[in-house]
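Structure first, then comments.
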2 protein chains.
Amino acid sequence: MAEKKSDRTRAAILAAARERFGADGYERATIRAIAADAAIDPAMVMRYYGSKEKLFAAAADFDIRLPDIGDVPLESLGEVLARHFLERWEADDSLRVLLRTAVTNEVAVERMRGIFAAQLAPTLRVQAVDQPDVRAGLVASQVLGFALCRYILGFPPIATMPDDEVVAWLGPTLARYLTSPAPRRLRHA
Amino acid sequence: MAEKKSDRTRAAILAAARERFGADGYERATIRAIAADAAIDPAMVMRYYGSKEKLFAAAADFDIRLPDIGDVPLESLGEVLARHFLERWEADDSLRVLLRTAVTNEVAVERMRGIFAAQLAPTLRVQAVDQPDVRAGLVASQVLGFALCRYILGFPPIATMPDDEVVAWLGPTLARYLTSPAPRRLRHA
DNA sequence: AGCATATGCCAACACCTGTTGACTTTTACC
DNA sequence: GGTAAAAGTCAACAGGTGTTGGCATATGCT
C-alpha cells in the first residue's frame, strides 16, 4: 500500500482534468479551474503533474482497445464497429476529450491517430483487406464526423438520434468503406 | 469613393484574422498576432471591429451558397455534393476557420448549423426527401468528419487522397444518406 | 514520544491577454 | 494654405494564465 492519500488526490485531479478538457478544450481549461473542481490547490497540480501539457498527456493517456474482430465476418463488420464505437463514445468522456482537444493540441492528434491508423488499420490487415490505411482513414472520418456533430456541435437530429438508428445509418457506410473494392484511380491531374 | 484607405486596412485585418483563426483556433489566435500579420497596430483592430468576438463574427460571416440542386437527379446528387463541398473546402480557408473554431466557439457552431441545417435541409425538402433534417445531419457528419481528418488532423491517407478518389469514396455515402429509405425506427428504450 | 517526510496551502512571480485613452500624423476639403 | 476629421501610434490598464518557492500541517515510522 504505497502512499494512499496522495494517490486519491492524484486521481481526483485527473478526473477533474478529463472533465474540464472535455468540456472546454485545451486552452480554456485552466489549471485553476481543474484544481477547484478537485477541491485542492493549483500548486498541487503542478507538484503532481509538472505542467499543464504533462497533465493533459496524462489525462489523454488511456487505451481504446478495439474488440477482436478477427472472427467477425466482413459483412457484419460495419455494424459491429458502429455499435462498438457508439458504446465507447458514451461510456465515458475519454474520446470526447481527445476530439475536443485534437483541434488545437498535437498530442491529442497523435493519440487519435494511434487509435485509427495504428490500431484499426492493422486489425483490418488481418482480415486481408486491401488498402487498410485508406479504409481505416475513411472509417475514422465518418466516426469522428458523427461524434463531432453529436457530442460537440450538438446538431439537433444527430444529437438526439437513438443508438439503434445510429447503427442502422452508420453501419452500412462503414461496411462499404471496409469491403467495397477501391475505386479505380483516375489521373492525378 | 468612401474612405479608401481605411477600407484597405479593414480588409487586411479581416484576411489576417481568417488565417489566424483558421490556423490556431479561436483562443490561441491573439489580436496582437493578427495585427502583426496585417502590419498594423493592435488598437486598430479594436477601433475597426470593437472586440475580438465581433472580429471573429465578421471573419466568419460569409455565405456558403450551395448550388441549385433542384434539377439534379437524386441518384447523382451524392457525387455532385461531394465534389461541390471538396471544391468549397479548398477554395479558401473560410470553412476551415469555422471547423477549427466551432469546437470552442458558439458563434461558429451556429454558422455551421446555418449551412447544413438551415440551407441543405430546405434544399432537400424541395426534392421531396423524407426526414430532410436527419439526412442533412448525416451528410454534415460525413463531410465535416472527412474535412476534420483531411485538413485539421492531417491523417496521412486522407490528407493526401486525390480529389477524384475522394469523390468516388464519399459520393455513394452521401447518396445513400439522401436516397436510402430511413431505417425502421426501433423502440426508443 | 520525537522526528523525518509527505502533503497541502498561500502569496507572489513573470508573462500574456483584450481593451482603452491620449497623443501624433496624415488626409481631404473650403 | 489652413483646418477639421480620419488614420495610425504608443503606453498603459486590469485581469487572467502557468508556474514557483516558502511555510504550515499532517502522516507514519522507530
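Per chain, numbering begins at 1; letters A, B, ... match sequence-line order. Predicted model, so just to flag it, every value in this text is computed and none were measured.
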How many Å lie between CZ on B:R8 and P on D:dA7, as a whole number? 11 Å

With sequence neighbours excluded, tell me which residues meet side-chain hydrogen bond (donor to acceptor under 3.5 Å, both in side chains) with B:Q119. none

Excluding sequence neighbours, so at least two apart, what forms side-chain hydrogen bond (donor to acceptor under 3.5 Å, both in side chains) with A:D68? none

May I have all residue pairs that pass salt bridge (charged side-chain N to carboxylate O under 4.0 Å, His left out) and include part of residues 35-55 of chain B, sequence neighbours excluded? B:R20-B:D37

Sequence neighbours excluded - side-chain hydrogen bond (donor to acceptor under 3.5 Å, both in side chains) pairs with any residue from residues 145-155 of chain B: B:E90-B:R150, B:E90-B:Y151, B:R150-B:D163

Between atom CD in A:E27 and atom C1' in C:dC15, what is the gap in whole Å? 17 Å

Can you measure A:K54 atom NZ to D:dG18 atom P for me and round it to whole angstrom units? 15 Å

With a 4.0 Å limit, can you tell me whether B:T9 has a side-chain N or O closer than that to the phosphate oxygens OP1/OP2 of D:dG8? yes

Which whole-number value in Å describes the distance from A:R10 CZ to C:dA6 P? 13 Å

Taking atom C1' of C:dA6 as reference, at what distance in whole Å does atom CG of A:D7 sit? 12 Å

A:Y49 OH to C:dG8 C1': how many Å, rounded? 16 Å

For residues 96-127 of chain A, the ring-ring contact (aromatic ring centres under 6.0 Å, His included) pairs (sequence neighbours left out) are A:F85-A:F116

Would you mind reading off the distance between A:M44 atom CE and D:dT20 atom P, rounded to a whole angstrom? 13 Å

Taking atom types as modelled, is there a side-chain donor on A:Q142 or B:T173 under 3.5 Å from an acceptor on the other? no

Its contact letters, B for base, S for sugar-phosphate only and - for none at protein heavy atoms under 4.0 Å, make nucleotides 19-24 of chain C read BBB---

Gap between atoms CZ and P, on A:R28 and C:dC16 respectively (whole Å): 22 Å

